[in-house]
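Below is one structure, written out as structure tokens; comments come after it.
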Amino acid sequence: MKRLKATIAYDGSGFAGYQVQPDSRTVQLELMKVLETIHKGKVVQVVASGRTDAKVHATGQVIHFDTELSIPISGWLKALNVLLPEDIRVNSIEEVDTSFHARYHTTGKTYRYKWDRSQIISPFTRSLMVHVKQPLNVEAMKNASQAIIGTHDFSSFCAANTAVVDKVRTIRRLDFEEHGNELHMIIEGTGFLYNMVRIIAGTLAEVGMGRRKAEELEEIVAAADRDAAGITAPAHGLYLENVMYRS
């Protein structure tokens, strides 16, 4: 038995999320169906670094699975991409030690959130970015984001119905990039709570629109109260970009 680690990308538009759900199309289910075909009907469990919600995309999701088959790595890459639907791609695959765990061994993740500031959004990107109709003050968003960086109780930026008790997380980096009419928020941290990135994005967008002042972010973080923060930004602007592990 050997363990394979793969980095995958997917367009979340057509999925109800990553994790298997009854009567729903999910990324995990599509992966398991293909692996079952390759293994001649045997069910193969797939473990990911974490789940993503409906409509959320990934360019660097990491999974692992165990196999007894003696297929070369190049063969695995080809077979998976031939059999998988076109909205899921395997970008790389390698054999790792059987002690490796895609979820429990993560040391950090990077997410990217994309806004389209065009006057008219393209029909070809409408499910890949969030359209904002009014100008965004990027400098104000950058100033506000400084209150997010560091180790904090992020209760204000967590969905109210989460069962997680310890809401302390560390954000290592929060940057903005402008690519023409696109504005990207890149955030890296040791871990994230449910909806945390989307709530941070929604709150900072409100700062950019002038609905909140940049100075309010320190108070919002200190409040440790979901009601203090802004909206949960739409799912289709979010990308899981990178998952980090110990060397």
Side-chain angles (χ1 to χ4, degrees), residues 1 3-69 76 79-91 93 98 100-106 109 111-114 126-130 154-155 157-167 169 191-199 201-202 226 231-243:
M1 185 70 71
R3 180 158 292 183
L4 298 182
K5 170 192 174 187
T7 301
I8 67 172
Y10 47 87
D11 176 351
S13 306
F15 295 104
Y18 171 82
Q19 191 170 20
V20 170
Q21 302 172 43
D23 303 317
S24 298
R25 184 173 185 256
T26 67
V27 177
Q28 185 181 29
L29 179 61
E30 295 293 340
L31 290 165
M32 291 179 65
K33 282 162 59 176
V34 167
L35 288 172
E36 186 173 345
T37 297
I38 295 173
H39 288 81
K40 309 298 183 184
K42 179 182 177 182
V43 175
V44 177
Q45 296 299 323
V46 180
V47 178
S49 69
R51 68 184 69 177
T52 52
D53 289 339
K55 311 300 182 185
V56 174
H57 317 288
T59 56
Q61 173 70 283
V62 175
I63 63 168
H64 83 248
F65 62 90
D66 295 333
T67 181
E68 297 174 346
L69 302 181
W76 274 109
L80 289 167
N81 282 326
V82 166
L83 294 172
L84 281 166
E86 292 183 343
D87 47 3
I88 305 175
R89 293 293 88 181
V90 179
N91 291 330
I93 190 165
T98 54
F100 171 81
H101 198 284
R103 180 182 177 187
Y104 296 139
H105 291 171
T106 61
K109 292 181 180 179
Y111 285 90
R112 183 177 293 261
Y113 198 90
K114 298 183 181 182
R126 71 189 189 284
S127 61
L128 302 176
M129 291 183 279
V130 173
F154 281 98
S155 295
F157 301 93
C158 178
N161 59 350
T162 184
V164 176
V165 176
D166 182 7
K167 297 184 177 66
R169 298 292 186 273
F192 294 89
L193 300 163
Y194 184 51
N195 281 351
M196 179 171 162
V197 178
R198 290 169 58 193
I199 298 170
R226 174 64 189 94
I231 64 166
T232 303
H236 66 277
L238 182 61
Y239 294 73
L240 172 56
E241 185 166 86
N242 187 37
V243 184

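As the structure is a computational prediction, the values presented were derived from the model and not from experiment.
Atom-to-atom distance recorded for D166:CG and F154:CZ is 12.0 Å, nearest 0.5 angstrom. Here the CZ atom belonging to F157 is positioned 14.5 Å from the CZ atom belonging to R169, to the nearest 0.5 angstrom. Rounding to the nearest 0.5 Å places NZ of K114 at 7.5 Å from CG of L128. Taking CD1 of I38 as the reference point, atom CG of L80 lies at 4.5 Å (rounded to 0.5 Å). Atom OH of residue Y113 and atom NE2 of residue H236 lie 6.5 Å apart, to the nearest 0.5 angstrom. Distance check, rounded to the nearest 0.5 Å: CZ of R51 to CD of Q28 gives 9.5 Å.
The heavy-atom pair separating A235 from A54 by the smallest distance is CB-O, 3.3 Å. In terms of heavy-atom proximity, G60 sits nearest to T7 at CA-CG2, 3.9 Å. Scanning both residues, V90 and N81, for their nearest heavy atoms gives N-OD1, 2.8 Å. Nearest heavy atom pair, residue A9 against residue T59, reads CB-CA, 3.9 Å. Nearest heavy atom pair, residue A159 against residue I199, reads N-CD1, 3.9 Å. Closest of all the heavy-atom pairs between K109 and S49 is NZ-O, 3.1 Å.
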What's the verdict on side-chain contact (heavy atoms from CB on, under 4.5 Å) for D53 and R198, showing C-alpha distance, side-chain angles and the deciding distance? CA-CA 11 Å; D53 289 339; R198 290 169 58 193; 3.7 Å; yes

Please assess D87 against Y10 for the test side-chain contact (heavy atoms from CB on, under 4.5 Å), listing each intermediate value before the final yes or no. CA-CA 5 Å; D87 47 3; Y10 47 87; 5.8 Å; no

Residue pair V44, T67: steps toward the side-chain contact (heavy atoms from CB on, under 4.5 Å) verdict: CA-CA 8 Å; V44 177; T67 181; over 6 Å; no

Given side-chain contact (heavy atoms from CB on, under 4.5 Å), test N161 with Y194 step by step and report yes or no. CA-CA 9 Å; N161 59 350; Y194 184 51; 4.3 Å; yes

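H101 and Y104 have parallel rings, their planes meeting at less than 30° on a 0 to 90° scale where 60° marks the start of perpendicular.
Of the possible donor and acceptor atoms, none in the side chain of R103 sits under 3.5 Å from a partner among the backbone N and O of G50. A distance-only check finds no donor-acceptor pair linking the side chain of H57 to the backbone of D11 [under 3.5 Å]. Panel note: side chain Y18, backbone V56; no donor-acceptor pair is recorded below 3.5 Å.
Under a 4.0 Å N-O distance rule, the pair K33/E36 does not qualify as a salt bridge.
With sequence neighbours left out, S24 forms a side chain to side chain contact (heavy atoms under 4.5 Å, CB included) with A16, Q21, T26. Considering only residues two or more places apart in sequence or on other chains, N91 meets the side chain to side chain donor-acceptor pair (under 3.5 Å) condition with none of them.
By the 4.5 Å heavy-atom criterion applied to side chains, R226 and T162 are not counted as neighbours.
Checked against L84 for a side-chain contact (heavy atoms from CB on, under 4.5 Å), the options L35, I8, L31 give a single hit: L31.
Heavy-atom contacts from other residues, nucleotides or ligands closer than 6.0 Å to CZ of F100 number more than 12. Taking a 6.0 Å sphere around CZ of R126, one finds it holds 12 or fewer heavy atoms contributed by other residues, nucleotides or ligands.
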